[in-house]
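Have a look at the structure below before the remarks.
All chains are named by letter (A, B, ...) in the order of the sequence lines, taking the proteins before the strands, and each is independently numbered beginning at 1.
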Amino acid sequence: GAVVSQHPSRVICKSGTSVKIECRSLDFQATTMFWYRQFPKQSLMLMATSNEGSKATYEQGVEKDKFLINHASLTLSTLTVTSAHPEDSSFYICSARRFRGEETQYFGPGTRLLVL
Amino acid sequence: AQSVTQPDIHITVSEGASLELRCNYSYGATPYLFWYVQSPGQGLQLLLKYFSGDTLVQGIKGFEAEFKRSQSSFNLRKPSVHWSDAAEYFCAVGDPLYNFNKFYFGSGTKLNVKP
């Protein structure tokens, strides 16, 4: 149980285009979903926290207009990288929590974004 | 500020040998501690977690970790490593003050297993 999927697994796009990444909880309803970014040889950095039906909470230094997060249902959150540039190339990982107050986060397999 | 340190970037062990991966944390209250494993191109899989109680916790795949408050450590161990254990391992602290919305990850330790 507690399986999280992401789509696509990898994407290559041209600079200036927008890319949407989906995160789905497959066997549970996620009250909260999280988006992380992982640079090569570095750890995960939390970008934002989203609750279903409300605006996402962004971490300091993360541009909310650049990284649009939509959490339209209890099983789906999307991250859209708008007007992507090469410096946005990274590994994006989402995670989900089953219920409020649960300590554990369940992680998706990640999406590799390469912006040319 | 909360932080997690994994002092070893790379570790190589022979198959069948024992393993210990180090994790030190800085946190003002009782920490909620996790170990995750990441295989190449994959997401993070939860190995084990510690919230309270017995300081030696057992996880999946034969892993265990011991919480030592006096040393602010939560080291991961396995008595006999298998080739399939080659992966990157992350230690994390969950912050209950933010309803566990904030996880602080270490920089990871990459484990190589020699045949």
Non-hydrogen atoms of chain B under 4.5 Å away: do they reach the side chain of A:Gln6, the backbone, both or neither? neither
Part of A:Leu44 lying under 4.5 Å from any heavy atom of chain B: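 Contact with chain B: backbone and side chain both.
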With a 4.5 Å cut-off on side-chain heavy atoms, are B:Gln45 and A:Tyr106 touching? no
Student check: side-chain heavy atoms of B:Phe90 and A:Gln38 closer than 4.5 Å: yes
Tell me whether [Y] is reachable from [X] by hopping between hydrophobic residues (I, L, V, M, F, W, Y) whose side-chain heavy atoms are closer than 4.5 Å.
{"X": "B:Val4", "Y": "B:Trp35", "value": "yes"}
{"X": "A:Leu76", "Y": "A:Val4", "value": "no"}
{"X": "A:Phe28", "Y": "A:Leu74", "value": "no"}
{"X": "A:Ile21", "Y": "A:Phe91", "value": "no"}
{"X": "B:Leu47", "Y": "B:Phe74", "value": "yes"}

Side chain to side chain contact (heavy atoms under 4.5 Å, CB included) for B:Phe103 and A:Gln105? Distances and angles first, verdict last. CA-CA 9 Å; B:Phe103 266 37; A:Gln105 295 182 21; 3.3 Å; yes
From CA spacing to verdict: ring-ring contact (aromatic ring centres under 6.0 Å, His included), B:Phe105, A:Tyr36: CA-CA 11 Å; B:Phe105 283 87; A:Tyr36 292 83; 5.7 Å; yes
B:Gln6 portion near chain A, given a 4.5 angstrom heavy-atom threshold: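 Neither part, no heavy atoms under 4.5 Å.
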Considering only heavy atoms, which portion of B:Leu46 lies under 4.5 Å from any heavy atom of chain A: side chain, backbone, both, or neither? side chain
Can you give me the closest heavy-atom contact between B:Tyr36 and A:Thr104, atom names plus distance?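 Distance-wise, the nearest heavy atoms are OH-CG2, 4.0 Å.
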Which heavy-atom pair separates B:Ser107 from A:Ser43 by the least distance, and what is that distance?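 That would be CA-CB, 3.6 Å.
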Applying a heavy-atom distance below 4.5 Å, give me the residues of residues 52-60 of chain B that approach chain A, sorted by number. none
For atom [atom1] of [X], is the number of surrounding heavy atoms from other residues, nucleotides or ligands below 6.0 Å larger than 12?
{"X": "A:Lys66", "atom1": "NZ", "value": "yes"}
{"X": "B:Ile9", "atom1": "CD1", "value": "no"}
{"X": "A:His85", "atom1": "NE2", "value": "yes"}

With a 3.5 Å cut-off and sequence neighbours excluded, list the donor-acceptor pairs that the side chains of residues 75-84 of chain B form with protein atoms.
from, atom 1, to, atom 2, distance (Å)
B:Asn75, OD1, B:Cys23, N, 2.9
B:Asn75, ND2, B:Glu20, OE2, 3.3
B:Arg77, NE, B:Glu64, OE2, 3.4
B:Arg77, NH1, B:Glu66, OE1, 3.2
B:Arg77, NH2, B:Glu64, OE2, 3.3
B:Arg77, NH2, B:Glu66, OE1, 3.3
B:Lys78, NZ, B:Lys61, O, 2.9
B:Lys78, NZ, B:Asp85, OD1, 3.1
B:Lys78, NZ, B:Asp85, OD2, 2.8
B:Ser80, OG, B:Gly16, O, 3.4
B:His82, ND1, B:Ser84, N, 3.1
B:His82, ND1, B:Ser84, OG, 2.7

